[in-house]
Amino acid sequence: MSQIKLYNTLTRQKEVFKPQGDTALIYGCGPTVYNLFHIGNARMFVVFDVLRRYLEYRGIKVKYVQNFTDVDDKIIKKANEEGKTSSEIAERYIAEYFKDADALNIRRADVHPRATENIRQMIELIETLIEKGHAYAVGGDVYFRTRSFPEYGKLSHQSIDDLESGARIDVDERKEDPLDFALWKAAKPGEPSWQSPWGEGRPGWHIECSVMASTYLGKTIDIHGGGQDLAFPHHENEIAQSEAANGCAFSRFWLHNGYINVDNKKMSKSLGNFFMTRDAAEVYGYEAIRFFIVSAHYRSPINYTPEVMKAAKASIERIKICRENINFLMKSGLPEENPEDCAMISELRGFRERFIEVMDDDLNTADGVAVIFDLVRKINTLCAQGEPPSKRFLKAAGDLLDELCGVLGIRTTADNGREDEEIKALVEKRNAARKARDFKTADEIRDRLKAMGITLEDTPSGVKIVRK
RNA sequence: GGCACCAUAGCCAAGCGGUAAGGCAGAGGUCUGCAAAACCUUCAUCCCCGGUCCGAUUCCGGGUGGUGCCUCCA
């Protein structure tokens, strides 16, 4: 069996991934909770969810930590606008996060720490940095001395001097160097603040993730990541802080997912061309969003368009119909076993092997999806052929379909609920009409059910009820 | 200015040295009372020009076009 390879931003190469201990320690930069999350955020959550599911699928234990940034300028701004406290805003959008994330079938992290729960450790880390000469306090603020960390720029592969020359003119005269960044910000009136050796204040953004990663996972973790735009400066700064303070590697692997584009432009807050996950879900459904994300390689940019989303929806439908067809046939009069079962079932193993092979290569979910569709076609073909498969084969095929889709977080079964009596009665009435060759009545009933969101399919084994 | 990424059918998207996976859409057919679903068939010399090689979509060089990071952003 092949080995799992992941592209590591640090080395710009695909490397064989093995956790340092018996559990892969993964940290993903979670949302700043001041609003619903957009589909770009969704991509990062889904990508890391797939990473986690896949590692586990391959027998690696995973501890995944995803934070909530619950103290931040944007949250404060929103709170002021609405006359609420920052923590009320944060609380609300954490709840909203889980609504969308659950609907996207994103498993909850093992720990969802909040920045405000880890202030003490942040202060400690800042103190260490000051003691070691990597940071300095100026009038209630504390800055990281970027030039004191010689490896600064190793993640974004820029030299510190190039960064400096490209840096915008910084208005803050108190910084020793334009590249220095805030570890601690002195409190302004009306802002949430905590007592510190440098006075009342709050932590900077970068220090939060450094601290939460090491607090919940340890000083050297296996994988850290987020969207590509976090690589610089956020992740670069995290590395600088953590490694300067701890004297050991912060994360062995860095994974960065590509953006979602709209009209081939990066979807961003400043451009205002972003779509909330919830709004997109209302039009296309959460599952189509997930499929859209998983149908391309995680490092490629993907373009969000109505055409693509419609295609995603139709694709999901195809998988579900296949699964429903299996369920339907399982209840039919097919033989339990068939002499060719063994050969057919062993053929199924080929799909699993191919799936693993492509996914091992830096989580190639696009190829993974292709394997799933090949499987779907295989199953459909066998079901359509004169020689019907056995229930034993169908069970194996359905299990494999669920297994592979499960790794990508694609749900295979529609939540059908109960078939209520009314529908059953109508279907039977229609059957009677058909038998009597009264097709007019039969079609009327079919149209009526269609309007209720129920599609009837007449198959050789009887009428199949499909809900959409 | 510095540092990266990308260019494959109508749309999306894999492959990355041996002559193009998969999905959506389209066309034709089979099945069906009609449908639906499904199945079968069909739909690309991989941006351009050089080079290396027996052989390049895949490697190298040069163009052209697009995107991103260097500023809060997944």
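Hydrogens, waters and symmetry mates play no part in the numbers below; they use all other heavy atoms, side chains included. Reminder, nothing fancy here: chain letters follow the sequence lines and each chain counts from 1.
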Audit row: A:Tyr34, A:Tyr93, ring-ring contact (aromatic ring centres under 6.0 Å, His included) steps and yes/no: CA-CA 6 Å; A:Tyr34 68 104; A:Tyr93 288 110; 7.7 Å; no
Nucleotide nearest A:Ala370 when distance is taken to its side chain, options B:rC3, B:rC24, B:rA21: B:rA21
Residue A:His297, side-chain heavy atoms: nucleotide from B:rA36, B:rC72, B:rA14 that is nearest: B:rA14
Per A:Leu230 side chain, nearest of listed nucleotides B:rC39, B:rC70, B:rA74: B:rA74
Any N/O donor-acceptor pair, A:Gln228 side-chain to B:rG68 base, under 3.5 Å: no
Listed nucleotide nearest any side-chain atom of A:Glu457, set B:rA37, B:rA13, B:rA74: B:rA37
Out of B:rA14, B:rC34, B:rG23, whichever nucleotide has its closest atom nearest the side chain of A:Ala311: B:rG23
Nearest-angstrom distance, C1' atom, B:rC70 to B:rC48: 31 Å
Rounded interatomic separation in angstrom, taking CG from A:Asp49 and C1' from B:rA74: 15 Å
Geometric class of the A:His224/A:His235 ring pair [parallel <30°, tilted 30-60°, perpendicular >60°]: perpendicular
A:Phe98 six-ring centre to A:Arg108 NZ/CZ under 6.0 Å and within 45° of normal: yes
Pair assignment for B:rC69, Watson-Crick or G-U wobble, requiring both distances under 3.5 Å: B:rG2
Distance in angstrom units between A:Lys266 NZ and B:rU71 P, rounded: 12 Å
Distance test, side-chain N/O of A:Asn41 to OP1/OP2 of B:rA74, below 4.0 Å: yes
Donor-acceptor pair present, A:Asp229 side chain and B:rC72 base, under 3.5 Å: no
Nearest to side-chain heavy atoms of A:Val308, which nucleotide of B:rC11, B:rG68, B:rC24: B:rC11
Can you pull every protein N or O that's under 3.5 Å from an N or O on nucleotides 40-43 of chain B?
unit_1 : atom_1 : unit_2   : atom_2 : d
B:rC40 : OP2    : A:Arg377 : NH1    : 2.5

Residue whose nearest RNA chain B nucleotide is more 5′ - A:Lys265 or A:Ser156: A:Ser156
5'-most by nearest nucleotide on RNA chain B - A:Glu307 or A:Gly258: A:Glu307
Listed nucleotide nearest any side-chain atom of A:Asn364, set B:rA13, B:rG15, B:rU67: B:rG15
Minimum-distance nucleotide to A:Met267 side chain [options: B:rC3, B:rC72, B:rA74]: B:rA74
Close residues, residues 438-446 of chain A, relative to RNA chain B [heavy-atom separation under 4.0 Å]: A:Phe439, A:Asp443, A:Arg446
Nucleotide of B:rG33, B:rG15, B:rA38 approaching A:Arg318 most closely (side-chain heavy atoms): B:rA38
Identity of whatever pairs with B:rC43 - Watson-Crick or G-U, under 3.5 angstrom: none
